[in-house]
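Counting starts at 1 for both ligands and their atoms, following the listed order.
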Amino acid sequence: MKNALISIIGIFIFSFLLGFSPQKVTKKAILIIHGGAGVITRDRLNPELEKEYRSELAKTLQIGHRILKTRGSAEQAVIEAIENMENSPLFNAGRGSVLNEDGEVEMDASIMNGKDQSCGSVTGVRKIKNPIRAAQLVMNKTKHVFLAGEGADEFGEENGLPLESPEYFQTERRLKQLEERKKAGDRRGELIFKDSKYGTVGAVALDQNGNICAGTSTGGTSNKLKGRIGDSPIIGSGTYASNSTCGVSATGDGEYFIRVQATHSVSAIMEYQKKGLNEALIEVIEKKIAPMGGDGGLIGLDKDGNYAWHFNTEGMYRGVLFEDGTMLVEIFGSN
Ligand code: ASP
């Protein structure tokens, strides 16, 4: 008995140190979002910037709320939530994407519907203002699931998606970040992982018909090799959804998330091992990603509206919206 008590206390302390707070679900969650995980600590984020992040995350959840409360679909909520974050230069997606070794943007995005597991992805797009919209078009308007580079940009253009110039995507902040990395001796993205604020965006929604949709959008990693593809556009690694289990979106060192098929693994753990969402997220981060040396986070919603997030970085921009319109926005390990 005494030993059991000690282990329970131990687990709580361990979880707290990892920046994870066990989620008590009292209300149904209908939308969960992230804006990237990384070295996000109070001393690194000045109060004004923290306020900007919090308000952009809250605005994103409000957009989702307007859609979901009027019986809009989970797909529409995910698209519009991600589009809002792509349009904000704060995040590493759309405008404000990080730059590759040549100082150019190459953006990736993916989306998946849990109802029929239809999905769509784009990688290496340079012109489409909102890559998540291109991923949605691939899903809904083609028989394919994945388009790359020029072909993806052209496909978006042909289907009427707004395009932007390289200057629109490249912000001062990202140019400075690239310069600093090169100065620090980071040759072609090798040092990227340990001191990054990642900034990828993701969303998972559950609509009134019980459909789950998940999506992720990113500029990838700063100073990456030209042509590099991360986990975000890869179904099962960066994004996954199934109405019988959950929807999940990932952020972090993409190379590790690809190796363990992170987001599909969460669903598989729930389906085959009959574990809950929270436990499944922890298992993937702590038992799969972390032991290999990878950092990052996962967010998810299960079919009953339970939500969970877990990360092994100092922070993750994140928020959740409940059925009654209330929301929670957090950044650091403890809140
Ligand atoms: N996972 C993304 C990638 O590797 C980066 C991130 O989440 O910040 O492209």
Side-chain angles (χ1 to χ4, degrees), residues 33-40 53 82 85-86 88-94 96-101 104-111 121-126 131-132 135 146 148 169 173-174 177-178 181 186 188-204 214-240 248-266 281 284-285 288-290 292-300 309-318 331:
I33 57 170
H34 71 78
V39 187
I40 308 160
Y53 274 106
I82 291 186
M85 293 189 281
E86 286 178 338
S88 161
L90 289 175
F91 302 104
N92 170 21
S97 283
V98 298
L99 307 174
N100 70 12
E101 56 174 349
E104 300 160 343
V105 294
E106 289 178 290
M107 301 170 288
D108 302 332
S110 64
I111 186 163
S121 303
V122 292
T123 184
V125 297
R126 291 156 180 262
I132 194 66
F146 207 165
F169 297 106
R173 179 177 167 207
R174 298 306 185 190
Q177 185 182 32
L178 179 65
R181 288 197 189 287
D186 179 22
R188 316 185 94 196
E190 288 143 6
L191 297 177
I192 51 179
F193 299 134
K194 295 304 163 207
D195 77 328
S196 291
K197 292 192 189 79
Y198 297 103
T200 290
V201 306
V204 183
T216 310
S217 179
T218 188
T221 50
S222 183
N223 205 15
K224 64 185 178 181
L225 289 184
K226 188 170 178 175
R228 178 259 188 195
I229 302 171
D231 60 317
S232 310
I234 299 178
I235 296 299
S237 297
T239 300
Y240 193 74
V248 184
S249 170
T251 176
D253 302 337
E255 282 69 9
Y256 295 94
F257 284 73
I258 293 171
R259 286 179 205 170
V260 303
Q261 287 283 290
T263 51
H264 177 259
S265 290
V266 170
L281 292 191
V284 171
I285 295 285
K288 299 282 180 199
I289 304 277
M292 290 191 301
D295 281 344
L298 292 166
I299 58 165
W309 45 49
H310 189 75
F311 48 95
N312 68 340
T313 49
E314 284 79 352
M316 175 162 77
Y317 300 110
R318 60 201 189 275
I331 296 180

| Hey, is ligand 1 close enough to A250 that some N/O pair sits below 3.5 Å? | no
| remark: Counting from 1 in the order shown, the ligand 1 atoms closer than 4.0 Å to a non-hydrogen atom of G220 are 5 (C), 9 (O)
| field | Where ligand 1 meets T200 - atom numbers and elements under 4.0 angstrom, heavy-atom basis | value | 2 (C), 5 (C), 6 (C), 7 (O), 8 (O)
| said: Taking E101 first and then K224, would you say they form a salt bridge - that is, a charged N and a carboxylate O separated by under 4.0 Å? | reply: no
| Those atoms of ligand 1 less than 4.0 Å from some heavy atom in G252 | 1 (N), 2 (C), 3 (C), 4 (O), 5 (C), 6 (C), 7 (O)
| request: Please determine if D231 has a nitrogen or oxygen closer than 3.5 Å to a nitrogen or oxygen of ligand 1. | output: yes
| query | Are any of the side-chain heavy atoms of V98 and Q177 separated by less than 4.5 Å? | reply | yes
| Name the one of K226, R228, E106 that satisfies side-chain hydrogen bond (donor to acceptor under 3.5 Å, both in side chains) with N100? | E106
| field | G36 to ligand 1, any heavy atom closer than 4.0 Å | value | no
| Which of the numbered atoms in ligand 1 are below 4.0 angstrom from a heavy atom of T251? | 6 (C), 7 (O), 8 (O)
| query | Hey, does the side chain of R173 reach the backbone of L90 with a donor-acceptor pair shorter than 3.5 angstrom? | reply | yes
| remark: For S232, the ligand 1 atoms with a heavy-atom partner under 4.0 Å come out as 1 (N), 2 (C)
| said: Could you tell me if T200 and T218 have a donor-acceptor pair between their side chains, going purely by distance under 3.5 Å? | reply: yes
| request: For R228 and ligand 1, answer yes if some heavy atom of the residue is under 4.0 Å from a ligand atom, otherwise no. | output: yes
| query | Is there a donor-acceptor contact under 3.5 Å from the side chain of S222 to the main chain of R181? | reply | no
| query | Any N or O on D253 sitting closer than 3.5 Å to an N or O of ligand 1? | reply | no
| query | Okay, side chain of R318, backbone of G35: is any donor-acceptor separation there less than 3.5 Å? | reply | no
